[in-house]
Amino acid sequence: MATFQTLPGFREFYPEDLSRRNHIFRLWRQTAGAYGFAEYDAPVLEPLDLYKTKSGDEIEGQLFSFTDKGGREVALRPEMTPTVCRLVGAKASSLKRPIKWYSIAEFYRYERMQKGRGRCFFQFNADIFGEPGPEAEIELIALLTQCLCSFGLTEQDFYVRLSDRNLWFYYLEALGLDEVRIRAVLGAVDKFEKMGDDAFKAYAEQFGELEVGLKAKVLEFLQIKSLPALEAVLAPIGGEKLAARLGDWRKLLGGLAAMGLERFVEVDLGVVRGLAYYTGFVFEAFDRKGELRALAGGGRYDDLVQKLGGPALPAVGFAIGDMTFALLLEQRGLMPTFVQAPDVYCVIGGEAERRAAFADIQALRAMGYRVDYPLKEVAFGKQFKTASDSGAKLALIYGAEELVKGIVKIRDLGDRTESEVASANVAATVREFFTS
RNA sequence: GCGGCCAUAGCUCAGUUGGUUAGAGCACAAGAUUGUGAUUCUUGGGGUCGCGGGUUCGAAUCCCGUUGGCCGCCCCA
């Protein structure tokens, strides 16, 4: 058997697999275009430092990284955000605002494989730069929703959980915590859904047990599932920052409601996302049944462009991974099966007939029709079966009898009717068939 | 990085307490049928039973290692 195996976690796309992938990409592109986003691409291989700068050293363990022949430390990209920040940062002053960009690209992470996760995967990334207000979040959450709905998914299938790191920050600040402690509490909040009370262990180890009254307030905040509940909890605290932030929330949820998207969006302050670089609203899309990993995730990262050497530029973005998404489509029966069916299949008698057929085949293909024929001599019966199996609508029959009479027989493979047409008129007749 | 389960044809799998030349269905290909389709029949190609070692007269089967896969944990930029 095969001496060489595919590297673990990598995928091969046989024609059927690729047609499914292309289907997904096609609708994503179409949707992003409808929302006014421009497509870009960038290198697969980047300087290792690009990822270190952003996220610290632990990340290195999950990077495909190595030293190139010029002695440079490089890594296959594990995500698009640092790259797009560099691209935008480099030309920020000359780009028209708002900057609305998207890409569909492959990423690599050295991880243990599991359902919905491999060592290479594709992501749809969309970002808006230069817009500090929640208008950008409205646009992106709408795009995210439509990127899933374009495939026939509905609010029965998925939802978007919306949270806010800023709000958490302001809230915990008002409770008297300093920044280091706030970050530790957010770490616990992030893990709370999975681990329950154990999530606070890491905090306790670092700073001692969280004071009981404080913890109760954190847990209360974490359970909040609606804007009115949020307003009720924050009202007694007051303060300008919180008031302004609640204004952003109203604008965001009001905008989404006006777009008819409120049925997809759930307030859920239990989501904070592990990534250190998020600075404001964060959101994640999940399947409703809760069987799969996150479908998409994103949020605001207003500091990152500057951290990576660009100008100060507010930014929001999200990414949809292809693996979990494809699983969901298959589960819901929304993944079409694609057949590479020709329009026309030619049934050919012998060598002389083959030469006659070639002229028409060339002409039809030049006109854009998908035309196929047997490369070898095959019995007529077989050829008709092949024509039928191929999914072609028409069969053109080039036999000895036809050749003598100067005609070609056209068989409608759907209703099995046949007609004769003069050799010179084949292309025109085929076009007529397909345009009528 | 940690743990559980698994590995036989392109796919889905069978293979008895260890016993002769490892099987079936599907798929693919050829023929029956050198001019008309989803049926049928016949035939064929394709396996060092994931790989390596051990036990044994004898291993797909038992043992050890290894690689790979699925699932969970960690992580998820």
Side-chain angles (χ1 to χ4, degrees), chain A residues 1-12 14 16 46 48 50-64 75-85 107-119 121 123 125 187 190-191 194-195 198 202 271-278 282 284 291-299 301 304 307-308 317-319 321 323-324 345 347-351 353 374 376-392 394-404 409-418:
Chain A
M1 270 315 290
T3 316
F4 297 104
Q5 293 179 315
T6 314
L7 253 16
F10 283 79
R11 296 182 288 171
E12 284 155 335
Y14 283 81
E16 272 179 49
E46 292 277 15
L48 180 60
L50 182 62
Y51 305 111
K52 277 188 171 173
T53 303
K54 187 184 113 187
S55 329
D57 294 332
E58 285 175 29
I59 296 309
E60 251 190 283
Q62 289 175 2
L63 283 174
F64 274 97
L76 290 171
R77 61 185 175 198
E79 60 165 328
M80 194 55 109
T81 307
T83 302
V84 72
C85 284
F107 301 94
Y108 306 86
R109 297 179 190 179
Y110 198 89
E111 295 185 286
R112 193 94 172 119
M113 325 173 29
Q114 262 169 65
K115 186 161 79 174
R117 187 175 83 183
R119 286 181 177 179
F121 53 91
Q123 276 188 350
N125 273 264
D190 188 38
K191 292 187 165 53
K194 264 191 180 173
M195 298 172 63
D198 287 349
V271 175
V272 293
R273 292 184 64 76
L275 267 175
Y277 63 68
Y278 285 119
V282 290
E284 295 186 331
E291 293 171 348
L292 303 170
R293 324 177 149 267
L295 289 160
Y301 49 98
L304 194 57
K307 251 186 208 167
L308 292 170
F318 73 87
M323 292 180 77
T324 301
Y345 193 89
V347 173
I348 297 171
E351 268 314 300
E353 295 86 349
K376 293 185 299 186
E377 280 201 27
V378 180
F380 260 68
K382 275 261 153 65
Q383 291 194 51
F384 280 102
K385 184 165 157 42
T386 304
S388 174
D389 290 346
S390 76
L394 283 186
L396 297 182
I397 301 156
Y398 296 86
E401 295 167 16
E402 288 82 357
L403 193 59
V404 169
K409 216 177 252 181
I410 298 187
R411 183 176 177 87
D412 184 326
L413 291 166
D415 61 19
R416 303 189 176 199
T417 57
E418 282 181 3

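Chain letters run A, B, ... following the sequence lines, proteins first and then strands; every chain starts at 1.
- The same atom, P, is picked in U42(B) and in G4(B); the two are 49 Å apart, to the nearest Å.
- Residue Ala400(A) is classed as a base contact, given a heavy-atom separation below 4.0 Å to a base.
- When distances are taken from the side chain of Phe380(A) to each of G37(B), G35(B), U36(B), the shortest belongs to G35(B).
- One interatomic measurement links the two molecules: CZ of Phe121(A) to C1' of C76(B), which rounds to 9 Å at whole-angstrom precision.
- As rounded to whole Å, 11 Å separates atom P of G69(B) from atom CZ of Phe10(A).
- With a cut-off of 3.5 Å on both Watson-Crick or G-U wobble distances, the partner of A30(B) is given as U42(B).
- Tyr110(A) carries Arg119(A) over the face of its six-membered ring, with the cationic atom under 6.0 Å from the centre and within 45° of the normal.
- Taking the C1' atoms as reference points, A27(B) lies 14 Å from C13(B), given to the whole Å.
- Between Gln114(A) and G72(B) there is a side-chain N or O to OP1 or OP2 distance below 4.0 Å.
- Counting any heavy atom pair closer than 4.0 Å across all strands shown, Glu377(A) reaches no nucleic acid atom.
- Per the geometry, NZ belonging to Lys115(A) stands 17 Å off P belonging to C74(B), to the nearest Å.
- For the P atoms, the distance from G45(B) to C2(B) is 46 Å, rounded to whole Å.
- Among the atoms of the strands shown, none is found under 4.0 Å from any heavy atom of Asp415(A).
- Gln383(A) places a side-chain N or O within 3.5 Å of a backbone atom of Val378(A) that can act as its donor or acceptor partner.
- Across all strands shown, Glu284(A) has no heavy atoms under 4.0 Å from either base or sugar-phosphate atoms.
- Rounded to the nearest Å, the gap between the C1' atom of G46(B) and that of G25(B) is 16 Å.
- Across all strands shown, U12(B) is found opposite A24(B) as a Watson-Crick or G-U wobble partner, with both distances under 3.5 Å.
- At the heavy-atom level, Met80(A) lies nowhere under 4.0 Å from the strands shown.
- Put simply, CD on Glu418(A) and NZ on Lys409(A) are 5.0 Å apart, with the number rounded to the nearest 0.5 Å.
- For Glu291(A), the CD atom counts as densely surrounded, since its 6.0 Å shell holds more than 12 non-hydrogen atoms of other residues, nucleotides or ligands.
- Glu353(A) places a side-chain N or O within 3.5 Å of a backbone atom of Ala400(A) that can act as its donor or acceptor partner.
- U48(B) and A60(B) have their P atoms separated by 13 Å, given to the nearest Å.
- Regarding Phe318(A), its CZ atom lies at a distance of 18 Å from the C1' atom of C76(B), rounded to whole Å.
- Which of G35(B), G37(B), A30(B) sits closest to the side chain of Lys376(A) comes down to A30(B).
- Under the Watson-Crick or G-U wobble criterion, with both distances below 3.5 Å, G3(B) is paired with C71(B).
- Rounded to the nearest Å, the gap between the C1' atom of U21(B) and that of C26(B) is 25 Å.
- The ring of Phe64(A) has its center closer than 6.0 angstrom to the ring center of Phe10(A).
- Here the separation of U17(B) from C63(B), taken at their P atoms, is 15 Å to the nearest Å.
- Lys191(A) comes within contact range of the sugar-phosphate backbone alone, with a heavy-atom separation under 4.0 Å but no base atom that close.
- When the P atom is compared between C49(B) and G10(B), the two are found 12 Å apart, to the nearest whole Å.
- The side chain of Glu111(A) approaches C75(B) more closely than any other nucleotide in the set G72(B), C75(B), G35(B).
- One can place NZ of Lys382(A) at 11 Å from P of U34(B), the figure rounded to the nearest angstrom.
- Here C74(B) presents its C1' atom at 12 Å from CZ of Arg112(A), a figure rounded to the nearest Å.
- For the pair Tyr277(A) OH and C76(B) P, the interatomic distance rounds to 11 Å; values are reported in whole Å.
- The side chain of Met113(A) lies closest to G69(B), out of U36(B), G69(B), C74(B).
- With U36(B), G69(B), A30(B) as the choices, the nucleotide that has an atom nearest any side-chain atom of Pro8(A) turns out to be G69(B).
- Of the candidate nucleotides G35(B), A30(B), C75(B), C75(B) has the atom lying nearest to any side-chain atom of Arg293(A).
- The Arg411(A) side chain lies nearest to G37(B) when the options are G35(B), G37(B), C75(B).
- Taking atom CG of Leu396(A) as the reference point, atom C1' of U36(B) lies 14 Å away to the nearest angstrom.
- Using a 5.5 Å limit on the distance between ring centres and a 30° limit on the angle between planes, the aromatic ring of Phe384(A) does not count as stacked on the six-membered base ring of G37(B).
- Here Gly9(A) lies in heavy-atom contact (under 4.0 Å) with sugar-phosphate atoms only.
- Comparing U36(B), C76(B), G37(B) by their nearest atom to the side chain of Lys385(A) picks out G37(B).
- The residue Glu418(A) sits close to a base: some heavy atom pair falls under 4.0 Å.
- Nucleotide G52(B) is matched to C64(B) when pairs are restricted to Watson-Crick or G-U wobble geometry with both distances under 3.5 angstrom.
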